[in-house]
Each structure stands twice: as structure tokens, then as C-alpha cells.
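All remarks here apply to the structure that follows.
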Protein chains: 2
Amino acid sequence: MPNFLERVNEKREALTASEQKIIEQLEKHEKPFLLSMNELSSLSGVSEPSVVRLYRKLGYASYQELKVALAQEHAANGPSYSSDNNEIKESDKADVVFEKIGDQLSSAMMMTKEKLNVDQMEEAVGKIAKAARLFFFGQGLSGTIAEDGAHKFMRIGGTTLAVKDPHYQAIYASHMTEEDVVIAISHSGETVNIIEVVDMSKKSGATCIIITSNPNTTLAKMADILLLTQAQETENRSDAMVSRLVQLALIDTLYTRVVSVGDSDIKKAVNLSRLAVTRMKK
Amino acid sequence: MPNFLERVNEKREALTASEQKIIEQLEKHEKPFLLSMNELSSLSGVSEPSVVRLYRKLGYASYQELKVALAQEHAANGPSYSSDNNEIKESDKADVVFEKIGDQLSSAMMMTKEKLNVDQMEEAVGKIAKAARLFFFGQGLSGTIAEDGAHKFMRIGGTTLAVKDPHYQAIYASHMTEEDVVIAISHSGETVNIIEVVDMSKKSGATCIIITSNPNTTLAKMADILLLTQAQETENRSDAMVSRLVQLALIDTLYTRVVSVGDSDIKKAVNLSRLAVTRMKK
DNA sequence: AATATAATGTAGTTTACTTACAAAAAGTGG
DNA sequence: CCACTTTTTGTAAGTAAACTACATTATATT
């Protein structure tokens with residue numbers, strides 16, 4: 001069932017002057033679904049039957065139906081953004097905490113999606129698909145993200161490593177070539193070791209993809225390809241948790257795309273990996 | 001503004017017999033927001049003024065307002081469930097893939113939230129807070145979740161370990177006491193090694209908290225405390241990715257709660273850990 | 001300019017919503 | 001257990017909203 005605006009667009013040619021006046025009112029009004037037909041018609045400066053003819057033309061059976069449709073569409077677009085008061089309190093029981101994390105997460109996913117540059121993402125996908133070796137660098141909690149990422153990309157058959165130890169990172173970084181790709185992960189963007197290691201990797205000629213939450217950091221500025229995960233601006237303790245989940249989803253996206261664009265070799269490799277894992281169960 | 005069901009619950013004591021009949025109809029009807037007052041009252045077998053008195057009591061200014069509220073709440077709950085066409089296609093570019101993962105994720109979070117048993121969660125929190133040692137067991141991708149969890153709980157100062165190697169898991173499991181707590185993670189719930197290790201841990205007297213997506217599995221049935229992450233029933237390749245994110249959010253919830261209910265020692269420990277990590281940056 | 005066609009409005013009808021008040025039911029104190 | 005109060009429910013009438021039939025005006029066509 002098409003929504004209100006789609007219906008309007010479909011019939012745009014066939015709309016009369018007074019019908020357009022009515023639509024204008026419906027679009028400008030904050031709560032159009034609370035207007036009576038009388039109010040709407042006088043606001044628009046037209047007669048009531050004109051309103052009737054309009055909603056008929058748009059395919060609604062009654063004025064009530066139009067109002068219900070408007071109400072539902074307003075509900076669907078509105079509240080998800082207005083994360084009114086999601087801060088987690090000590091008194092919140094587990095179910096409330098989980099719900100609030102969920103709300104923060106979906107708002108962070110939405111913000112990230114809006115800032116996401118498709119071309120950059122696809123460029124990253126291309127580089128990864130062609131890479132001779134793929135390195136995930138991360139420390140602390142970002143280290144577990146690195147490992148998760150490596151675990152996934154391992155399945156496409158190439159050489160993929162998660163490196164969490166700064167010394168190991170440094171050694172790998174100093175021996176890279178133009179064919180290598182580094183994915184460096186840091187929530188803060190200011191982890192000293194990671195900055196150094198990315199610097200070394202770049203000097204060795206590797207492509208550096210940076211995943212971080214903050215664009216105004218040393219690490220972000222060094223990126224060949226920068227993938228930003230936007231979280232809320234607050235300094236809640238839960239921000240780090242949420243941004244980590246978004247980063248994982250971002251890496252999932254990269255992986256899904258690499259498999260999609262990959263040649264038949266990659267797809268064979270993925271299937272082989274799945275079989276291998278299945279043998280470990282049952 | 002509380003939603004319809006919250007309002008009903010708040011006034012539950014004060015509801016008369018005919019008011020309950022009306023509510024019953026509103027809950028059972030598929031599209032209650034399209035009913036006229038006349039239809040609703042005759043369906044419920046009461047008079048129209050009884051309907052008026054009910055919505056007044058619930059805090060709505062007019063029957064229209066009640067209908068609009070119901071329509072909006074149906075819109076908010078409805079479509080996110082019916083994940084109409086979230087399946088990721090090979091032709092989807094990175095931004096679309098990310099968006100679909102986001103949609104699947106929030107629907108999975110919602111489903112998990114509904115199945116979530118607060119008491120079980122809080123019981124788990126209590127056990128963890130008092131545990132002498134806390135073990136995270138997981139293999140493969142669930143292993144990285146285990147590590148992530150251990151990384152977090154490490155900060156509260158106790159003995160916390162992520163064990164991914166089945167041999168190590170077996171050794172630890174055979175030397176546990178009643179004071180120990182095991183958190184075992186498995187997406188499928190049928191990973192042979194994990195099942196064996198949980199069995200050993202239980203025989204040693206440890207409390208076993210199981211995090212899995214499937215309630216009808218050997219592992220789920222062994223749980224002292226079972227925490228289910230509901231994903232969609234489909235066998236999409238993305239299900240595992242999504243359920244892993246939900247599992248992480250679940251562990252975040254446990255952690256947040258443990259810190260909240262924890263005594264001053266735990267809070268001191270968390271602050272110490274934060275200082276320690278900060279020293280590693282800048 | 002005459003006629004056809006489309007657009008809009010007037011006035012009235014029907015339906016939906018609301019109110020005032022009365023009847024019935026359920027408690028309460030003597 | 002009866003007179004009285006309070007609560008619950010319904011009847012009937014009023015008001016406002018939604019809809020319809022038809023008249024009027026505007027626009028286009030020949």
C-alpha cells in the first residue's frame with residue numbers, strides 16, 4: 001500500500017487547484033491527523049466536498065482512513081530519531097538496560113548510515129578483494145573487533161591476520177608491500193601504538209583503512225580510506241559499547257560486499273569454510 | 001506520553017466490567033483504529049457512553065485521539081516485525097547492505113527484548129557479581145564474543161578468563177567449584193565441545209549461564225540460566241552476524257548491571273581500569 | 001457566442017461523537 | 001434488612017463531523 005506522498009506524486013498531474021491547497025495544509029500541519037474535515041477545509045480555504053474528492057482520488061475509502069494513514073506514517077518517521085532520554089541509570093533493571101542499548105544502537109546505526117560514503121566503502125571493498133594480505137590492527141576492546149573481522153575474512157581464502165600485540169604489529173607494518181591492506185580499528189582515534197603502526201604501514205606502501213568514531217583525530221587524518229562510525233556526542237559510558245557494535249556491523253558490511261563482488265574462487269572458498277565449520281558440530 | 005497498554009495497566013484497578021470488555025475488543029481487533037464508537041460499543045456489548053468514559057479515564061481527550069494513538073502504536077510495532085524484504089542481495093551496494101543489517105539487527109533486538117526474562121537476567125547478574133572466578137567459553141566466532149566479554153568483566157577486578165581452546169576449556173571445567181560461574185556462548189547450541197565442557201563444569205558444581213539463539217538444543221537444555229537471543233527464523237547468511245551482535249549487546253547489559261548492583265569495590269575497580277587504559281593513549 | 005466539460009460550492013442528510021440525566025446495581029451505616 | 005449513598009451503566013437527546021445530491025461557476029471547445 002503506497003504511502004501518502006507516493007499517492008500524491010502518482011496523481012500529481014490530475015490535481016486541481018483546491019486539492020493542492022489541501023495537500024499543502026496537510027504537509028505543513030504538525031498533526032494533520034487530528035484535523036476535522038471542517039477545520040481542514042477552512043484552513044485550506046476550500047469547501048468540505050473538495051476534501052472528500054481529494055481523499056477519494058488518492059484511494060482512501062473515508063476521511064478516517066486518510067487520518068489513520070497520516071497518523072501511522074508520522075509515527076513511523078518521527079520517534080526513532082528523537083532518542084529522548086536513553087541514558088542508562090543505575091536503577092534500570094536488565095530489561096530496561098537492554099532496551100536502551102538497543103535504542104542507542106539503532107540511532108547510532110542510522111547516524112552512521114547517513115554519513116556513510118558509498119564510494120569509499122566500495123573502494124575499500126575493491127582493495128580488500130584484491131589484497132595479497134589483509135591485516136586487522138586493534139588493541140584492547142578494538143582488538144577483539146580486529147579478531148572478529150579476521151575470523152570472517154579468513155573464510156575467503158586469502159592471508160588474513162588479526163594482530164593485537166603492538167610489537168607484532170610493528171614488525172608486520174615494517175614489512176608490507178603495496179599489495180597489502182591494513183584495517184586499523186580504534187574507538188578514540190588516539191591510541192598511540194596504532195597511530196605509529198599505521199604510519200609505518202603507509203611508509204611501507206600498504207593501503208590503510210581506518211575505522212574510528214572520531215573524524216578529528218590523528219588516526220583519522222592518516223587514513224587512505226576513512227570509515228566513520230557515528231555515535232552520540234555524549235560522553236556516556238555506553239557510547240564505546242555502542243560504537244563497537246556499529247564497527248562490527250560495518251565490517252560485516254565490508255565482508256558481505258567482498259563476497260558479493262568476489263570472483264568464483266572467493267565463493268568457493270566461503271563454501272569450503274562453511275563445510276569445514278559444520279564438520280566441527282554434531 | 002505513555003502508550004495504550006501502559007495506560008491500561010496503570011488504571012487496571014479502577015476498571016469496571018464494561019470497560020474491560022471494551023479493552024478486550026480493542027486488543028483482539030486487528031484494526032481497532034478503524035472502528036467507530038458505535039461498532040466498538042456493540043462489539044463489546046456495552047453502551048457508547050461507556051466507551052467515552054473509558055478513554056477519558058485513560059487520559060485521551062477524544063475518541064479520535066484514542067484512535068490516532070492506537071493507529072500510531074500499531075504502525076510502530078507492526079512493520080519492524082514483518083521485515084518485509086530485508087534479505088541482502090548480491091547487487092546491493094555497501095550503503096544498502098549496511099542499512100539492511102541495521103534493520104535486521106533492530107528487529108532481532110526487539111524480539112530478544114520481548115523474550116527476555118528480567119528475573120533470569122538479574123539472577124545471572126547476582127551470580128556474576130558474587131563469583132569467585134568467571135569463565136567465558138566459546139569457539140570460532142563465539143570465541144571472539146567470549147573474549148570481548150572477558151575483556152569487559154576483567155575491569156571489575158575479579159578473576160575473569162576467556163577460554164577458546166577446547167583442551168583448556170576441559171581442564172578448567174574439571175577444576176571448578178560452586179563459586180565459579182561459566183558463561184558459554186554458541187550461536188547454534190550444538191557445538192559438541194562446548195556441550196561437553198558445560199557438562200563437566202556443571203558436574204564440578206559451577207553455575208552455567210548459556211547464551212544461544214536456539215532454545216531447542218542440547219546446550220540450551222543444560223543451562224542453569226538460559227539467555228536466548230532471538231533472531232529471525234530464516235536461514236539467511238546474515239542471521240549469524242546479527243545474532244552475534246545481539247549476544248554482545250546482551251553481555252553489555254549484564255556488565256552494565258553488574259557494575260550498577262556492585263559494591264564500592266567493584267566501582268573502584270572499574271575506575272582504576274579506566275585510568276589504566278587512558279594512560280595507554282596520548 | 002453557444003455548448004460541453006470540469007471544478008467548486010451550497011445545502012441538506014446521514015452518521016458519528018458527546019452530554020445530561022435517569023435507572024439500576026452495589027455498597028454502607030444504622 | 002432497610003434507607004441511604006455511591007458507583008456503574010444505559011437512554012435519549014443534542015451537537016458536530018462526514019458524506020451526498022445537486023446547483024453554480026469557471027474553463028475549454030467548436
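Within every chain, numbering begins at 1; the chains are lettered A, B, ... in the order of the sequence lines, protein sequences first and strands thereafter.
- Between K21(A) atom NZ and dA7(C) atom P the separation is 14 Å, expressed in whole Å.
- OP1 or OP2 of dA7(C) has not a single side-chain nitrogen or oxygen of S50(A) nearer than 4.0 Å.
- Shown are D148(B), I211(B), L227(B), T256(B); of these, the side chain to side chain contact (heavy atoms under 4.5 Å, CB included) with I251(B) is made only by I211(B).
- Using a 4.0 Å heavy-atom distance criterion, Q64(B) is classed as a sugar-phosphate-only contact.
- Taking 4.0 angstrom as the limit, T16(B) places a side-chain polar atom (N or O) nearer than this to OP1 or OP2 of dT9(D).
- Among the protein residues, V46(A) comes within range of the sugar-phosphate backbone only, with heavy atoms under 4.0 Å from sugar or phosphate atoms but none that close to a base.
- You'll find the side chain of L250(B) reaches within 4.5 Å of the side chain of M121(B), heavy atoms only.
- Here S47(B) lies in heavy-atom contact (under 4.0 Å) with a base.
- Considering only side-chain N and O atoms, R53(B) lies nowhere under 4.0 angstrom from the phosphate OP1 or OP2 of dA20(C).
- Between Y55(B) and Y63(B), the ring planes are tilted. Angles from 30° to 60° get that label.
- With dC19(D), dA17(D), dC17(C) as the choices, the nucleotide that has an atom nearest any side-chain atom of S36(B) turns out to be dC17(C).
- Distances shown here put every side-chain N or O of Y63(A) at or beyond 4.0 Å from the OP1 or OP2 atom of dA16(C).
- Among the nucleotides dT8(C), dT18(C), dT19(C), the one closest to the side chain of M37(B) is dT18(C).
- Residue P49(A) places its side chain closer to dG9(C) than to any other of dT18(C), dT8(D), dG9(C).
- In this structure, the nucleotide among dC17(C), dA7(C), dC19(D) sitting nearest to the side chain of S18(A) is dA7(C).
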Using the salt bridge (Lys or Arg N to Asp or Glu O under 4.0 Å) rule, take R257(B) and E122(B) through it: C-alpha gap first, then chi angles, then the decisive distance, then the call. CA-CA 8 Å; R257(B) 283 301 292 158; E122(B) 292 292 332; 2.9 Å; yes

